[in-house]
Amino acid sequence: MNHLLTLAILLPAIGSLAVFSRFIGARASGVVCAVAAAPALLLGLFASTMEHDVAWMLLGATFGVDPVSRIFLIFTGALWMACGLYSASTMRSDPRRSAYFFFFLLSMTGNFGLLLARDVGAFYCFFALMTFAAYGLVVHERGAGPRRAGRVYIVMSILGELLLLAGLIFAVAAGAGIDMADFASGVAAAPNQELITALLFFGLGVKAGAIPVHVWLPLAHPVAPTPASAVLSGAMIKAGLFGWIVMLPLGWSPAPAIAPLVVTLGLLGAFGAAIYGALQRDPKTILAYSSVSQMSVMVVAIGAGLMAPDRWPLILGALAIYACSHGFAKGALFLGVAVAKQAAGRDMLRRMTMMGLALAALTIAGAPPLGGAIAKKSLKAAAAGPESPSGDALALLIPLTAIMTTVVLGKFILVMAGAMRTNEGKSAVRLSPWMAAPWLTLTLGAAAAAWLIAPPTEPMTDAPQPTIPSLSAGDALAALWPIALGVLVLAITMRLARSLPKAPAAPAGDLLSLYTLASRATVAAGRRTRLPGPARWKLDFVPLVLDSIEQSRRGETLTNIERAMKTWPVAGAVFVMIVITLAAMIIL
Amino acid sequence: MIEPMAWCILAPFIGASLAFLLPGRVWRRPIAIGAIGATLASVWMLTSQVWNSGAQRMDLSGWPAPLGIGLAADGFSVFMIVMTGVVGSLIGAYALWHYSDLSDATEPAERRLFWPLWLILWGSLNAIYLSSDIFNIYVALEVITLAAVALITLSGKAEALVAAMRYLLAAFLGSLSYLMGVALLYATHGALDLVIIADQERAGLPEVGAFALMATGLALKTALFPMHFWLPPAHSKAAAPVSAILSALVVKASFYVLLRLWFGVFDGPAMYAVGILLGTLGSAAIIWGAFQALRQMSLKLLIAHSTVAQIGYLFLIFPLTARRPSGELAAAGWITEACTGVSYHALSHALAKAAMFLGAGVVLHVYGSDLLTNMRGMSRRLPITTFALAIAGVSLMGLPPSGGFAAKWLIVTAALGAGQWWWVLVILIGGLLTAGYIFLMLRWAFISEDAPIQLRPANMPIQLAALALALLSVLVGFRLEEPFQLLVIGDPFPIFDLP
Amino acid sequence: MTLLSCGYMSVCFGVASAAGAATPETPVLTSHLVYMLTACLLFCIGLFGLITRGHLMRNVMSLNVMGGGVFLFLVAVARRDAGESGPDPVPHAMTLTGIVVALAASAFALALARRIHSITGEMRLEPGDDNS
């Protein structure tokens, strides 16, 4: 099993170089991806809990598998594998194919590495590797859109990395150690626990798409090539969640200051992102917003865990299943976008595709008897404690989010159906089995995952343990009414929208425009000039920062000081003064 | 009897003599490759000797100190020698192709004299790292200065000459100041050997003068802010391999001497205020250098100012190893982190900076100028070089996983352990500013060009040399165990002993 | 200000070297002490010249005056430590080596200054120096 552990990290790393070989074509690259992802999937399916020290790496790294990371490994491994095979077909005529597969496999290395890491140093390194390798995926399709998405992505990611690093450093300095097993309890015992928790939450939240640091996500996920979008939105986004689970002091001590904030942000995101997503027109952007909304539900669960440590084991079990279910389903939906394009040609295929998409969408919405219903039910049961107000809120919230999920994903289905109608008969391409098979697998996986995977239990504690839930008829009814209501809401809105004049689309990236305005205003105020006119209110704030730097070149003060320091009399005087200062400081 | 210590110094010197005596085109490559090979072999033997049997010491010609001159090698010196060997030979590989295949661009004198001067420089660097005699160190410092200045003048342009002259004057001022310190130390201790002086009692006032003069002189030669004025022009006006040598290796030599004196001669840790002052100047360098780098319009000047900033990190070792006035170590329990972190920063900066200057050399060759605005479309035309610049930038920024990250992580944990959190703030701001100028630099590379321009082709080896250095600067962050074991051999930072 | 600093530094030096030279059994002012103070003065004069003068020729000369100061100091130390077998040889060896190094350095600096003069027509650093 130790070898499997090594292979899970090493194979993708080696593969990332192998794809540059001229003997490896598109199809072979896809197979390389699938093979590289296999050890991680096998670990998830069959490995027992274990640890393995790799003393030579970094400052002595530890890798291992535990019940929680197993579940993450299963859906992450399956997604990478399916999307790798899928890429074999979509990337066939891409001239920059090698670069794509290089970044794909490098991100895969980072993703598996961080799931297997059992110490914070290794986790951070692999997390960063994944973040920066994924940049290559975001900007793969050249053009203005990906470039801008890439800029926002990299700025937000660096912000996240810095927050995360600051949190880790504070935690280590406070004595949390670098061992993952003791880290969370160490954070809980630290004097500045709330600060560390906040830093870690927002640092990892950038990746997980938590409000309000999610702004890169609706821009970046849609512009990547389709299989890359699927792993970004299905697998990599969960890396942030995984980081929260292993590093926040969940189950150890309550964080009364930060927990309400986390819950509030989660609630805001769960509803806000779904509504904003339903206003979008591009199917992949709609899916990205649905991801933000779903992740926000998980943020609420994290908040509930921060409020009530004793309920955490239950919440954790439900959360892992929820993440797994969503990972499969979101992957299937993204892959379905391109499948639908090819399937538009024939009636049979078109109907099948629509059914598949609907199945995955219903899984996320939680329609029984699909796996999503299980996940939702156990999350509801876990959070709703006898004396936990946040848990009650969560229990109330889950049916309500299901309405919103139905609305946003229903909009997605409608957009897809419309697109297929307009494309009808145009597409002469045969649906490649390399695309259809991974897509189907993920769809079925989404429907079944929550039924098949047991939630993680911790036998050593006497806390309430998650059990494998079952669905009664009452549960089924309780899960169905929000979906029915959602469909109704969507139908009414669409009807209304048809009678109204067409409104301009809401720009993807929502709050980004706000940040841009704020930074523009700050810079403008700093320069004591007027705010630029509305014509220039574009959304980019990175170029803005760069521009302001470039404009500050005109300021001569710094240059003059530097030039003055270069003249001999000044330089010599500085030299003499330092000699005297040093001497004086020792004597005094 | 083969003495690897002596051969580490002799091999490059012999190579230099041969290269000078046989300047013909035919001889250049065999001599250069032979000298690099012989030096690397000596370095390898020395490393395995120290690794297997601990710190080494030898007296030249059998004359023991105080009269004779001693050579000593402990883990820290071997670390620096290996760094010089790896970076130096890759720069040498670049120079082999830079000065032969691209010969139409370079003047005959430049081609003829590069190898003798560089090999002399290399030998003197190794001499500094191995010397246990403070006067011998002075001589080696002077030889380094002469060779480095001569290397800068090779390009023959007026601005390079002026930059070289300024560097020469500044470096001589530093050397003479150091020499006066040597004289004062000899007057009080009657000895020149580091070990002998370290064993004697501290001697009060004259030592204060000696420390002030030597520390300032060496800081001037290391280009510590605000005495960095000579560095940006000197490093940016030289030819690419020369810039790489100067920025990656030469500035580290005087810092090494300062560190040796701090621990070995002056009982530096007792001087808390001085440590804080040096750390403050280092922090000022980090911020000032990065700000200046942000304002540059030419690639090489940007990289040179970045060197000013990166040197600042090295000086954070002084406050972190100092004792508080009350007597206890400020960073008790974290000293190993502080010392290894700073040493590691020296290493990863050497690799990354050499990669950047070599990459800048490729840009200069292909585009004919190194103005940032001219680098449009570089990501398509020179993908390898762009990649090398970006990777080296990752290490400079300190993003994980890279050597720069490992170093900064260690320094930051040591600073927090010492309760000196303000350095952490400086390092974070410095990292952000670094990210700023790296992006500013790469931004132009990714903009597609407006009009087709006439470009010269770049050959593959020089691009690969830059890439190899950049990759190494990241890869050293992956495997830290052996370097750390090496660094503590022979107890080079004596306060390791203390609790 | 530079002048002031130099003066101050010269005093510091004098005190420092005097303290270093004075051992309990010797009288306070001996001949070697005079030499040492002179040496420090020379060093400071050289430093002052290097800092305040812009002409490259003068700069090189100033460096040589500074070097002369150091060498005089070393010779004075050798005389102070003179035993029955004559003065201490080590400072003499250092002085000789130092002179060789200084000679090489001065020759190189002068050659460089001449090159600069022939290209830019100036014997100064500032005019030919572009903004950086």
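Here is the naming used below: chain letters follow the sequence lines, and residue numbers restart at 1 for every chain.
Considering C:Val70, C:Leu74, C:Leu47 as possible partners of B:Met180, the one that fulfils the side chain to side chain contact (heavy atoms under 4.5 Å, CB included) test is C:Val70.
With rounding to the nearest 0.5 angstrom, the CZ atom of C:Phe43 is 5.5 Å from the CG atom of B:Leu213. For the atom pair CZ of B:Phe172 and OG of C:Ser62, the computed distance is 13.5 Å after rounding to the nearest 0.5 Å. Separation of atoms CG (B:Leu179) and CZ (C:Phe73) is listed at 11.0 Å; rounding is to 0.5 Å. To the nearest 0.5 Å, atoms CG (C:Asn59) and CZ (B:Arg166) are separated by 11.0 Å. Here the CE-CG distance, from B:Met165 to C:Leu56, works out to 4.5 Å after rounding to the nearest 0.5 Å. Atom CG of B:Leu161 sits about 4.5 Å away from atom CD1 of C:Ile119, to the nearest 0.5 Å.
Within residues 137-147 of chain B, the residues approaching chain C closer than 4.5 Å by heavy atoms are, in numerical order, B:Tyr138, B:Val139, B:Glu142, B:Leu146.
Proximity to chain C (any heavy atom under 4.5 Å) is shown, for B:Ala210, by neither the backbone nor the side chain. Proximity to chain C (any heavy atom under 4.5 Å) is shown, for B:Ala150, by both the backbone and the side chain. Both the backbone and the side chain of B:Val149 come within less than 4.5 Å of a heavy atom in chain C. For chain B, the nearby part of C:Leu50 is the side chain; its heavy atoms alone come within less than 4.5 Å. Of the atoms belonging to B:Leu173, heavy atoms from both backbone and side chain fall under 4.5 Å from chain C. Only the side chain of B:Leu168 has a heavy atom closer than 4.5 Å to any heavy atom of chain C.
The number of heavy-atom neighbours closer than 6.0 Å to CE of C:Met123, taken from other residues, nucleotides and ligands shown, is above 12. At most 12 non-hydrogen atoms from other residues, nucleotides or ligands lie less than 6.0 angstrom from OH of C:Tyr35.
Among C:Met94, C:Met66, C:Arg115, the residue making the largest number of heavy-atom pairs under 4.5 Å with chain B is C:Met94.
Annotation: ring-ring contact (aromatic ring centres under 6.0 Å, His included) contacts involving residues 98-121 of chain C, sequence neighbours excluded, are absent. Pairs engaging residues 66-76 of chain C under the side chain to side chain donor-acceptor pair (under 3.5 Å) rule: none recorded [sequence neighbours left out]. For residues 86-100 of chain C, the side chain to side chain donor-acceptor pair (under 3.5 Å) pairs, not counting sequence neighbours, are B:Tyr186-C:Asp88.
Of all the heavy atoms in C:Leu63 and B:Leu176, the pair that sits closest is O-CD1, 3.4 Å.
Put simply, the side chain of C:Arg80 gets close to the backbone of B:Ala187: a donor and an acceptor are under 3.5 Å apart.
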